[in-house]
Amino acid sequence: MADQSTPGTSAPSSASSARKAPSPEASPGTPPSGDSLAGVMSRRRLLGTAGATGLALGAAGAAVGYAAAPAPVRTVPLTSVGADTAMFHGKHQPGITTALQACGHLVAFDLTAGSGRREAAALLRRWSVTARRLMAGETAAHEDTDVARDAGPSSLTVTFGFGHSFFSRTGLEKQRPVALDPLPDFSSDRLDKARSDGDLWVQIGANDALVAFHALRAIQKDAGSAARVRWQMNGFNRSPGATAEPMTARNLMGQIDGTRNPKPSEPDFDGRIFVPASGTPDWMANGSYAVVRRIRMLLDDWEKLSGKAQEDVIGRKKSDGAPLSGGTETTAMDLDKTDADGNLIVPVNAHARITRPDQNGGAAMLRRPFSFHDGIGADGAPDAGLLFVCWQADPVRGFVPVQRKLDRGDALSTYIRHESSGLFAVPGGAAEGEYVGQRLLEG
C-alpha cells in the first residue's frame with residue numbers, strides 16, 4: 001500500500017446506449033472490420049426509436065374511442081458513466097493508465113492438461129476478440145448472456161498477462177523475461193498458494209457492476225476446455241461522480257490512498273512504468289509487469305485506534321491526505337520537521353515516510369487497486385481489504401525494494417496481512433488485426 005496517487009484519467013469518448021448484436025456477416029473468430037462507433041450509434045438510435053414508437057402505438061390502441069397521434073419520440077442519451085469508452089487497440093493494453101473504475105474482477109487461469117502453445121494462442125485470440133467487442137459496447141461474438149444488454153461500455157477494460165508457469169507449459173521458457181522471476185519471500189506474508197500465481201491473468205474493470213460481470217462471464221466461457229479458473233477476486237472503488245469533485249480514492253481504512261502515484265504527464269513516467277520498445281525480450285515492448293497482492297485489513301484492530309494514532313501510522317491527515325508536517329495533500333512531506341519536544345512530526349515508521357521514492361532509491365510503481373469485502377472470515381472479523389495491483393517496468397526496481405523496506409518496520413504492518421500474491425508479464429497493446437500476446441505465441 002504505497003503512498004502514491006490515482007492514475008491519470010484517459011479521455012472519455014461517447015458511445016451509444018445499447019449493446020449491438022454481432023453483424024451476421026462477421027466471422028466469430030476474427031475481429032470485425034468497418035464498424036465505427038458512429039455507425040453503432042446510428043443503428044442503436046434507430047432501434048431505440050422503433051421501440052419507443054411501438055410503446056406509443058400500444059398506448060394509443062388502449063384508449064378505445066379516442067383518436068390520438070403517437071407521442072413524439074425522444075432519444076435520451078446515456079450519462080457519461082455509461083458512454084465512456086476505453087480503446088482496446090493501442091501502444092499499451094487498457095486498464096493500466098485508465099482512471100480507477102468502480103468495479104473490478106481479477107482472475108487467474110491455469111492451462112488444462114494437454115493445452116500448450118497452440119491452444120494458448122487460440123485462447124488469446126478469442127479473448128482479444130471478446131475484449132475488443134465488449135469494450136466497444138457490443139455483444140460477445142457468440143452466446144452473449146445479455147447481462148449488459150441495456151448498458152453502454154461504461155469504461156470497460158480487459159487486460160491480459162502471463163505468469164511464470166505459462167512459459168514452461170507452452171514450451172516458451174527461452175522467452176520468459178528475467179523480470180518475471182518469482183518475488184522474494186517477505187516476513188509479513190501469509191500467502192495462500194491456491195489463491196496465488198497462475199498461468200494466465202485477466203484484469204477486468206468497469207464503472208458499472210453488470211458490465212464488469214458480463215465481461216467476466218464472457219472471458220470465463222471463452223476459456224472453454226483450454227484453461228480453468230485458478231482463483232478469482234472481486235473488488236470495487238468509489239463510483240464516478242460520488243464526490244463533489246474528482247479526488248484521490250479512499251481505502252477501507254478511511255485513508256486517502258494513492259497521493260504520490262506517478263502521473264502520465266511526468267516526463268519519466270513511461271520509463272518507470274513501461275518496458276521500452278528496445279527492451280528484452282522484444283515481445284514485451286511497451287508492456288509492463290503487474291504485482292497483484294490480496295491485502296487483508298484487520299479493521300477491528302484498526303478501528304480501535306484514535307484518529308491521531310491512525311494518522312501517525314500513515315503519516316498523513318485522515319481528513320484530506322495532507323502530510324502531518326503541514327500543507328495540502330500534494331505538499332512535499334518534510335521528513336525532518338519536529339515538534340516542540342524535538343520529536344519527528346512524521347514518525348520514523350510511518351507508512352508514507354517509508355514508501356517515498358526518494359527513500360527507496362527512486363523506486364516507483366503505479367498503484368491501481370480495488371477494495372474488497374468478502375463477508376466475515378472464520379475468525380469472526382471482516383474479510384476485507386485491498387486488491388493491490390501495481391505496475392512497473394521492472395518489479396525488481398519497483399515493488400521489491402519498497403516491500404522489503406516495509407517488511408523491516410512499517411507501522412501499518414500490524415494492521416494488514418498479505419494473503420495472496422502474483423506477478424504477471426503484461427505485453428504491450430495489440431495493433432489492429434492482432435491479438436494480445438501474438439508476438440510471443442507466434443514469434
Side-chain angles (χ1 to χ4, degrees), residues 1-8 100 186 188 237-238 243 245-269 271-273 291 293 295 297 302 305-369 371 385-386 388-392 397-416:
M1 295 168 57
D3 180 38
Q4 302 170 344
S5 91
T6 307
L100 288 177
F186 301 104
S188 59
N237 284 304
R238 183 172 264 159
T243 56
E245 57 187 27
M247 60 179 290
T248 309
R250 288 188 186 272
N251 61 34
L252 298 189
M253 288 177 160
Q255 299 288 150
I256 287 180
D257 187 353
T259 297
R260 291 182 57 85
N261 240 358
K263 297 174 176 61
S265 58
E266 295 169 355
D268 60 347
F269 178 85
R272 294 195 289 176
I273 306 306
V291 174
R293 310 275 282 185
I295 304 175
M297 295 176 172
W302 174 257
L305 297 178
S306 68
K308 174 64 168 63
Q310 290 179 355
E311 291 181 342
D312 284 344
V313 167
I314 302 299
R316 290 183 175 275
K317 294 180 180 178
K318 196 168 183 178
S319 59
D320 59 4
L324 297 184
S325 55
T328 66
E329 181 187 353
T330 57
T331 300
M333 185 175 288
D334 185 347
L335 300 180
D336 299 321
K337 189 173 183 179
T338 58
D339 61 18
D341 297 322
N343 299 313
L344 287 169
I345 290 179
V346 179
V348 69
N349 62 348
H351 184 75
R353 173 189 286 269
I354 292 174
T355 58
R356 284 172 56 101
D358 59 4
Q359 301 294 301
N360 294 280
M365 49 192 166
L366 177 66
R367 299 177 62 259
R368 198 174 179 282
S371 293
L386 198 69
F388 175 91
V389 182
C390 73
W391 301 88
Q392 56 264 289
R397 293 186 290 112
F399 173 78
V400 171
V402 176
Q403 188 57 34
R404 276 184 171 149
K405 195 166 184 181
L406 290 171
D407 217 29
R408 292 196 294 267
D410 176 24
L412 186 60
S413 295
T414 303
Y415 305 99
I416 61 175

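Side-chain contact check for V402 versus M365: some heavy-atom pair is nearer than 4.5 Å. For the pair K405 and Q359, the minimum side-chain heavy-atom distance is below 4.5 Å. Contact of the Q403 side chain with the L406 side chain is registered, since non-hydrogen atoms from C-beta on lie closer than 4.5 Å. For the pair R260 and R356, the minimum side-chain heavy-atom distance is below 4.5 Å. Two residues are said to be in side-chain contact when any heavy atoms from C-beta on lie closer than 4.5 Å; L324 and K337 fail this criterion.
Considering all non-hydrogen atoms of both residues, G398 and A363 come closest at O-CB, 3.8 Å. The heavy-atom pair separating T331 from T328 by the smallest distance is OG1-N, 2.8 Å. Closest heavy-atom contact between T259 and T248: N-CG2, 4.2 Å. Contact record, R353 with V348: CD-O, 3.4 Å, taken as the closest heavy-atom pair. Summarising the geometry of A350 relative to D312, their closest heavy-atom pair is CB-O, 3.6 Å, with the distance given to 0.1 Å. Between A309 and L305, the closest heavy-atom pair is CB-CB, 4.1 Å.
Here M247 contributes atom CE and E245 contributes atom CD; the two are 8.0 Å apart, rounded to the nearest 0.5 Å. Here the CD1-CZ distance, from I295 to F388, works out to 6.0 Å after rounding to the nearest 0.5 Å. Atom CD1 of I345 and atom CG of D334 lie 8.0 Å apart (nearest 0.5 Å). The distance from the CG atom of L412 to the CD1 atom of I314 is 4.5 Å, given to the nearest 0.5 Å. A distance of 6.0 Å separates OG of S371 from CG of N251, quoted to the nearest 0.5 Å. Here CG of N343 is found 8.0 Å from OG1 of T338. Values are rounded to the nearest 0.5 Å.
In this structure a side-chain-to-backbone donor-acceptor pair under 3.5 Å is present from D320 to A322. Within the 3.5 Å criterion, the main-chain N or O of P369 finds a donor-acceptor partner in the side chain of N237. For the pair N360 (side chain) and I354 (backbone), a donor-acceptor distance under 3.5 Å is present. Here the side chain of W302 pairs a donor or acceptor atom with the backbone of M253 at under 3.5 angstrom.
The aromatic rings of F186 and F399 stand perpendicular to each other, their planes meeting at an angle above 60°, with 30° marking the opposite boundary.
For the residue pair K318/Q255, the side-chain donor-acceptor check at 3.5 Å is not satisfied. Inspection of the S188 and D407 side chains reveals an N or O donor paired with an N or O acceptor under 3.5 Å.
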List the steps and the verdict of side chain to side chain contact (heavy atoms under 4.5 Å, CB included) for E311 and R316. CA-CA 5 Å; E311 291 181 342; R316 290 183 175 275; over 6 Å; no
For L344 and D339: C-alpha separation, side-chain torsions, deciding distance, then whether side chain to side chain contact (heavy atoms under 4.5 Å, CB included) applies. CA-CA 7 Å; L344 287 169; D339 61 18; over 6 Å; no
Given side chain to side chain contact (heavy atoms under 4.5 Å, CB included), test M333 with V346 step by step and report yes or no. CA-CA 8 Å; M333 185 175 288; V346 179; 3.8 Å; yes
Show your reasoning for whether side chain to side chain contact (heavy atoms under 4.5 Å, CB included) applies to W391 and R368. CA-CA 8 Å; W391 301 88; R368 198 174 179 282; 4.1 Å; yes
Salt bridge (Lys or Arg N to Asp or Glu O under 4.0 Å) between E266 and R272, worked out: CA-CA 10 Å; E266 295 169 355; R272 294 195 289 176; 3.2 Å; yes
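Shown here is R238, whose CZ atom has more than 12 heavy atoms of other residues, nucleotides or ligands within 6.0 Å.
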